[in-house]
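Computed over heavy atoms, backbone and side chain alike; hydrogens, waters and symmetry mates excluded. Throughout, protein chains are lettered first and strands after them, A, B, ... in sequence-line order, and every chain is numbered starting at 1.
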Amino acid sequence: MKRSHTCGALRGADVGKKVTLMGWVSKWRDHGGVIFIDLRDRYGLTQIVFNPEDEALHQESKQLRSEFVIEVQGEVHTRPEGMGNQNIATGEIEVIAQKMTVLNAALTPPFAINNEVEASEDLRLKYRYLDLRRPVMQRSMLLRHKVYQTVRRFFDENDFIEVETPILMRSTPEGARDYLVPSRIHSGKFYALPQSPQTYKQLLMVAGFDRYFQIVKCFRDEDLRADRQPEFTQIDVEMSFVEAEDVYSMVEELMGKILNDCLGAELPKSFRRITWDEAMNTYGSDKPDTRFGLELVDLSQTVAGSSFRVFNDTLEHGGAIKGICVPGGASFSRSKIDKLTEFAKNAGAKGLVAIKIGADDWDSNLKQFFSDEIRTAVLEEFGAVANDLLLIVADKLQHANEVLGDLRLHVAKNENLIPEDRNALLWVTEFPLLEYDPEEQRYVARHHPFTSPMEDDLHLLDSAPEKARAKAYDLVLNGNEIAGGSIRIHKRDLQNKMFSLLNIGEEEARNKFGFLLDAFEYGAPPHGGIAFGFDRLVMLLAGRKSIRDVIAFPKTNSAVSLMDGSPNTVDEKQLQELHIRLRQ
RNA sequence: GGGGCCGUGGUGUAGUUGGUUAACACGCCGGCCUGUCAAGCCGGAGAUCGCGGGUUCAAGUCCCGUCGGCCCCGCCA
C-alpha cells in the first residue's frame with residue numbers, strides 16, 4: 001500500500017519519517033511563499049507544507065483547490081516554536097511536501113465540507129456523499145458502527161445466534177401498511193417487505209434456536225417524521241423459556257454495554273419500572289420523559305366540593321380534574337398563557353384553567369369558586385408555592401392525562417426544564433392488551449396479535465377484554481420509545497382466542513397465519529423478546545434530533561431520495577413482466 | 001388527509017409598512033504576501049428573489065394557485 005499513514009496518525013514521535021499521505025484538500029492557505037494545505041481523511045487533518053525552494057512543486061501546489069484528492073510524499077517535521085495547533089490531534093507536526101500528485105480534481109462543492117456551516121437539508125441530501133464527508137456526520141456513522149459491533153459482540157458472547165430472515169415475505173394484515181413487491185413468476189401475486197421479522201423469530205424459537213438476534217431492516221409504508229423513515233433498522237431479539245424479567249435483565253446489560261463501550265457512560269444495573277397505568281396517570285404519556293418533574297396531579301377528590309361548574313359537570317360525568325404545577329410560572333404573561341390554552345385545545349382539551357399562585361393565596365378570579373380549605377388542599381396536592389402556575393384540565397381521565405402529558409412536554413421544552421445532559425431510562429410495563437378502533441369497529445392489538453395477556457387477566461378476555469393487560473413492555477429513553485417487546489403466546493388455543501378477540505375469523509387466521517398456528521402445534525416453547533429502534537437509539541446517543549442524521553442515505557418527509565431520485569417510474573417492459581398495468 | 005414554518009448570488013442570511021443600481025458574511029476568480037491554521041490585504045464576477053397567475057403606475061414584499069424542504073396531528077400491530 002502506498003499510503004503510509006492516515007491524516008490523523010502522525011505525532012511528535014514520527015518526526016523525521018518519510019511518509020505518504022492521501023486525502024482531500026480541506027483548506028489551503030497561500031502565503032505567496034509558503035503554502036499550507038490541510039489534508040483531510042476520516043481519521044483527521046494533517047498540515048502539509050509546500051516551501052517555495054522547490055519551485056516546480058510549489059507551482060504545482062498552487063493549482064490545488066477544495067476537495068481535490070491528492071497524494072503527498074514528504075517528511076514529518078516538528079512545527080516551529082509556537083506554531084503548534086492544539087485543536088487538531090496532529091497539531092504538533094506537519095509534513096514538508098517533497099512530491100505531490102493530484103489523484104483527482106474536484107468541482108467546487110455546493111456547500112462547505114465542515115461542521116460550522118449547516119447547509120439546508122435538501123441540499124445536503126442531494127449531495128449526501130459530500131455531506132457525509134463532514135466530520136460531524138463521520139462521527140455519527142462511526143458511533144453507529146460502534147453500536148453495531150457492541151450489539152453483535154454482546155449477543156455472541158451470550159449464546160445468541162444471528163439469523164437472517166426473508167426480506168420478501170407474505171403480506172400480513174394488522175399493523176402498518178406493507179410495501180409490496182410484485183411477483184414476476186406468479187402473475188397477480190405480491191411479496192411484502194417485513195414490517196418486522198416478528199413471525200420468523202417466533203418460528204425460530206419453535207425451531208429450537210433458543211436465543212436469536214438480528215440487526216435487520218424493516219419497512220413500513222406510513223407517513224414520515226423526524227424519528228420515522230420508511231425503512232429503518234431494528235435490533236430484533238427473541239428468547240425461549242423466558243419471562244419478562246429475563247428480557248429486562250438482558251436488555252439492561254446490553255444497554256449498559258452500549259453506553260459504556262460507545263459513550264463511556266455508566267448506567268444503573270437495573271432500570272426504573274413503571275406500569276402503563278402509572279405512566280399515563282403521572283406523566284400523561286406511555287413514553288414519559290422523567291428527566292424533569294411537572295408531574296400530573298389528580299384533583300378530582302380535592303375540588304369535589306367547589307362551586308366551579310366546569311369541574312362539577314366533569315366529575316358528575318365520571319371525568320377527572322387533573323393538572324400540573326409550573327414552578328415560577330406565575331410570571332407568565334397573559335399572551336403566553338393564552339398560547340398554552342391554545343396548545344391545550346389543539347391537543348384536544350375543552351379548555352385550560354390557569355391559576356397563578358400569589359404570595360399567600362390564589363391570584364385568580366376563579367378563587368371565588370373555591371373555599372379556603374379547597375384552595376389550601378389544592379396547593380398541598382401540587383406542593384405549590386408562591387409564584388407557581390397551576391394548569392388544570394377537566395375531562396375524561398384518559399383524555400385529561402393525554403392533554404396534560406402533551407402540555408407537560410411543551411412547557412418543559414419552552415421553559416428549558418429538561419436537563420439534556422442526563423439520561424433517563426425506564427421500563428413501561430403492563431400495557432393494555434387491546435385497544436378499540438372506532439374506525440374499524442373492533443379491537444386491535446396494542447402491541448401485536450402474538451402478545452400474551454397477563455395470567456391474572458385471562459379471565460377478562462371474555463368479560464371485559466379492554467381491561468386485560470399484556471405481558472408487554474417498552475424501553476423508554478428520555479421520552480423516546482427505543483425498544484418494545486412482549487412475552488408471546490405459544491399455545492394455539494390462546495392464539496386462536498386472541499384472533500377471535502381481534503375479530504379475525506378462523507378462516508382468515510388460517511389463511512394469513514396458518515403457518516404460525518401450525519408451528520404452535522409442534523412443540524412451541526414459551527418465548528418472548530424485544531426489538532430496538534436502532535436508528536432512534538443511535539440518534540439519541542449521538543445527541544441528534546433526527547434519525548436522518550444517523551442514516552447514511554435517508555429519505556425526505558415525502559419518502560423520496562433526493563440523491564438518486566427514488567421512487568421513479570419504470571419501463572413499460574418491466575411493468576409487463578410484472579403483469580402490472582397502471583391505473584389512470 | 002389536515003395544521004404550522006420556510007424557499008432571495010455557490011452557501012448561510014438581511015431586505016417587516018409595496019418605490020431608484022436587491023445588502024452582508026462565507027465561498028468562487030484574479031493580484032499581493034515565507035508560518036498560517038476562521039490567515040491577511042486589494043480587486044472582480046456572480047441573483048430574472050422556487051415556479052405560474054393576479055392586484056398595482058410600481059411586487060422579493062400584497063393576493064391566489066402550484067412545487068419543494070422541515071416540524072406536528074391523523075397514521076405508524
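For A/N557, the listed nucleotide lying nearest its side chain is B/C71; candidates were B/U36, B/C71, B/G74. In this structure, of B/G69, B/C75, B/C37, it is B/C75 that holds the atom nearest to the side chain of A/E222.
Side-chain atoms of A/H410 and A/N414 form a donor-acceptor pair, as typed in the model, at a separation below 3.5 Å. Side-chain N/O atoms of A/K287 and A/N480 include no donor and acceptor closer than 3.5 Å.
One N or O on the side chain of A/D564 and one on the backbone of A/S566 form a donor-acceptor pair closer than 3.5 Å.
Across all strands, A/E435 comes closer than 4.0 Å to no nucleic acid atom at all (heavy-atom distances). Using a 4.0 Å heavy-atom criterion, one finds that A/R548 contacts the sugar-phosphate atoms exclusively. Contact annotation for A/S558: backbone-only contact, meaning every heavy-atom pair under 4.0 Å involves sugar-phosphate atoms and none involves a base.
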With the criterion being N/O to N/O and under 3.5 Å, what pairs connect the protein with nucleotides 3-6 of chain B, and how long is each?
none

Go along nucleotides 40-51 of chain B 5' to 3' and tag each nucleotide: B for a protein heavy atom under 4.0 Å from its base, S when only backbone or sugar atoms are that close, - otherwise.
------------
Identify all side-chain donor-acceptor contacts of residues 506-514 of chain A below 3.5 Å with residues at least two apart in sequence or on another chain.
from   : atom 1 : to     : atom 2 : distance (Å)
A/R510 : NH2    : A/D518 : OD1    : 3.0
A/N511 : OD1    : A/R170 : NH2    : 3.3

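Each of A/T556 and A/R220 was assigned the nucleotide of RNA chain B with the nearest heavy atom; the assignment lying further toward the 5' end belongs to A/T556.
Distance CG (A/D437) to P (B/C75): 8 Å, rounded to an integer number of Å. As rounded to whole Å, 18 Å separates atom P of B/C71 from atom NE2 of A/H410.
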